[in-house]
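Predicted model, so just to flag it, every value in this text is computed and none were measured. In what follows, every chain begins at residue 1, and chains take the letters A, B, ... in the order their sequences are listed.
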Amino acid sequence: MSSSASEPMTPAQRAIWAIVCLSILVIVVVRSFIGDGMGRVYVEPKPMDFVAEVTTSTENASESTTSWKQVSTVEFDAYVSANGYTNTISWTEYDQVPPRAYFAQEAAGGGSIVLSWPRTIGLWLAAFFTLAIFSFLYRDNPFYKFAESVVVGVSAGYWMVVGFWDTIVPNLLQRLMPVFSKDYLTPGMELPPGGFDPTNLVFLIPLVLGIMLVGRLLPKCGWLSLWPLAFIVGTMAGLRMVGYIESDILSQTKETVIPLYVQGENTSSNFMMIWSTIWASLAQILLVIGVLACLVYFFFSVEHKGAVGKTARVGIWYLMITFGAAFGFTVMGRIALLAARVEFLFDDWMWLIDPMQQREFISASVGLLF
Amino acid sequence: MQILTRSIPLFITAVAGIVMILSAFFPYTSDWGKFAGQFFNILAAFAFVLGGGNLLKLHLKKISDQRPGWAYSGVVLVCFIVTLFVGLLKIGAYPNPTYPSVHFGGETQGSGSMFWWFYEYAFKPLTSTMFAMLAFYVASAAFRAFRAKNFEAILLLGTAFVVLLGRTFAGVLATGWIPPDSAFSGLRLENLSVYVMQVFNTAGTRAIMIGIALGIASTSMKILLGIDRSFLGSGD
């Protein structure tokens, strides 16, 4: 399906690339001039205005606390004209709205909904990345290599950021530096009595081990990383051993020890009652036989001959059905993802389909044209 | 040096693992297990730093050596550094309305922030398209490899078709003529698909799970007892 990019392109391949790129370009340009165009994102600004409320302690006049109160734009403007911008905080949030809201606003003669350039550029970039990845289906190429490099860089950065804000901050910084964390990072956290809990000093251990782990990057300090690595491996070994014995061996075995006779649920007639009982009981019997047969197949300490061999063969049949089902599910999952990407290209980007009625104002005109 | 690189790591492995096992059996030690779990999460986060550092080292070397494709390494580094920068500093993130004076109090991935932008318009489309592309490769591989040469292969193929068709409108339509309340309603593709999943697939999956769990338990024991030391890179 693909070949290495290091091989020089033949003139025919060059021609194919030129035709594909040109076709996409022509389609995009033509589509942009039909109806209301394509690939735009609209947002509605939402002002967030806050003014400070300073409360002085009744017991000690020098002690005061500041809390922030959200106010309406009118109240905020009145406050600013009276007191200036001191003790105020304001910013504007932008909520994405479907294009039909913008079209309705334009039809009504104006409003606050505006085109979002950052999101529109992002949308086009996402479309470019989607096409660049799909281009690998033909052969390896610079577009794919570029997209591949972006995914490596962005995902490495993404997981580091998530690791910092979701793990290091709540599990380490909040415990070792609670006051700093509350003041600058996570204002919603509860401070321990006295501002610091001495038992949390135990979290210096993962901090030191973590720094030792990063020591692997230094040529002469590589051995330092063995200690945290040993901790990770040991913890996982202990945790997984107990977890798997509990959830996979014991509970799965327990779930297999089941009654072989099950009363059917369909009571519409005597015949149907007997029939559904047969089906339900057969399911239980086949389930138990299947688990045992598969386990016999996995048992390699005995040669698979005679009765053991025949049972193992039944186990193979069950496993083939399992693999077939797994294959079917994998294909279904991938096709669902593919459909989502195609929908993104045709709906969000090109505005050719409108399953969510996001652009009902134009869908009719586009329908006439295509 | 042998003590630092072999004995102490083996001791740490054994102690950490045994603590985790004990915490499952003795209520008194359950807190130890909780701490060890939290330590593990913190170390896993530090491992991301190690990964990022390795990425930098590798690609900077490639750029400095000007090896073929070094420009792509530049793209990797730029994307990595920019994502890290906007994410750690929460560039463009809205503050938390409850604590508006604390800049870092807002959501890291809140809609509108630059980090969200990178996730929404780069990370998400790229990764989901890569996974979606596997649909073509799975189909292509299946077309080349699947041949109904024997009974086992027929079972595999047949099940795949039943499961695939049973969850599509085409499958429901194909056997829609069988009355749903009749004795043969189990033969309707959507019901057959459910039956295959509940009985045959459950049996096979269960046996595989039990086999995997036995393997994990024995490997864990080997690691904790110091029999398997491959993670230390000793080769023994």
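- At a 4.5 Å heavy-atom cutoff, the contact between B:Ile223 and chain A is made by side-chain atoms alone.
- Contact of A:Glu255 with chain B is made through backbone and side chain together, with heavy-atom distances under 4.5 Å.
- When heavy atoms are compared at a cutoff of 4.5 Å, A:Phe298 approaches chain B solely by way of its side chain, counted from C-beta outward.
- With a 4.5 angstrom heavy-atom cutoff, A:Tyr184 touches chain B only via backbone atoms.
- With a threshold of 4.5 angstrom between heavy atoms, B:Ser185 does not approach chain A through any atom at all.
- Only the side chain of A:Met48 comes within less than 4.5 Å of a heavy atom in chain B; its backbone stays farther off.
- Contacts between A:Ile205 and chain B at a heavy-atom distance below 4.5 Å involve the side chain alone, from C-beta outward.
- When heavy atoms are compared at a cutoff of 4.5 Å, A:Trp165 approaches chain B solely by way of its side chain, counted from C-beta outward.
- Applying the ring pair (Phe, Tyr, Trp, His ring centres under 6.0 Å) test to B:Phe40 and every residue at least two apart in sequence or in another chain returns nothing.
- For A:Phe231, the parts lying under 4.5 angstrom from a heavy atom of chain B are both the backbone and the side chain.
- With A:Tyr144 as the partner, the ring pair (Phe, Tyr, Trp, His ring centres under 6.0 Å) test is satisfied by one option alone out of A:Phe129, A:Phe136, A:Phe128: A:Phe136.
- Among the candidates B:Phe48, B:Phe118, B:Phe115, the single residue satisfying the ring pair (Phe, Tyr, Trp, His ring centres under 6.0 Å) test with A:Tyr158 is B:Phe115.
- Within the 4.5 angstrom heavy-atom criterion, only side-chain atoms of A:Ile89, from C-beta onward, approach chain B.
- Using a 4.5 Å cut-off between heavy atoms, A:Val169 does not touch chain B at all.
- Looking at A:Phe134, both its backbone and its side chain come within 4.5 Å of chain B, counting heavy atoms on both sides.
- In this structure, chain B has heavy atoms under 4.5 Å from both the backbone and the side chain of A:Leu282.
- Residues A:Met320 and B:Thr159 have side chains not in contact (no heavy-atom distance under 4.5 Å, counting atoms from C-beta outward).
- Neither the backbone nor the side chain of A:Ser247 comes within contact range of chain B; no heavy atoms are under 4.5 Å apart.
- Side chain of B:Ser220 to backbone of A:Ala237: a donor-acceptor contact under 3.5 angstrom is found.
- Using a 4.5 Å cut-off between heavy atoms, A:Arg341 touches chain B through its side chain atoms alone.
- Using a 4.5 Å cut-off between heavy atoms, A:Val242 touches chain B through its side chain atoms alone.
- Every ring pair (Phe, Tyr, Trp, His ring centres under 6.0 Å) that A:Phe203 has, sequence neighbours left out, goes to B:Phe35, B:Phe39.
- Judged by distance alone, the side chains of A:Trp91 and A:Glu93 do bring a donor and an acceptor atom under 3.5 Å apart.
- In this structure a side-chain-to-backbone donor-acceptor pair under 3.5 Å is missing from A:Trp227 to A:Leu209.
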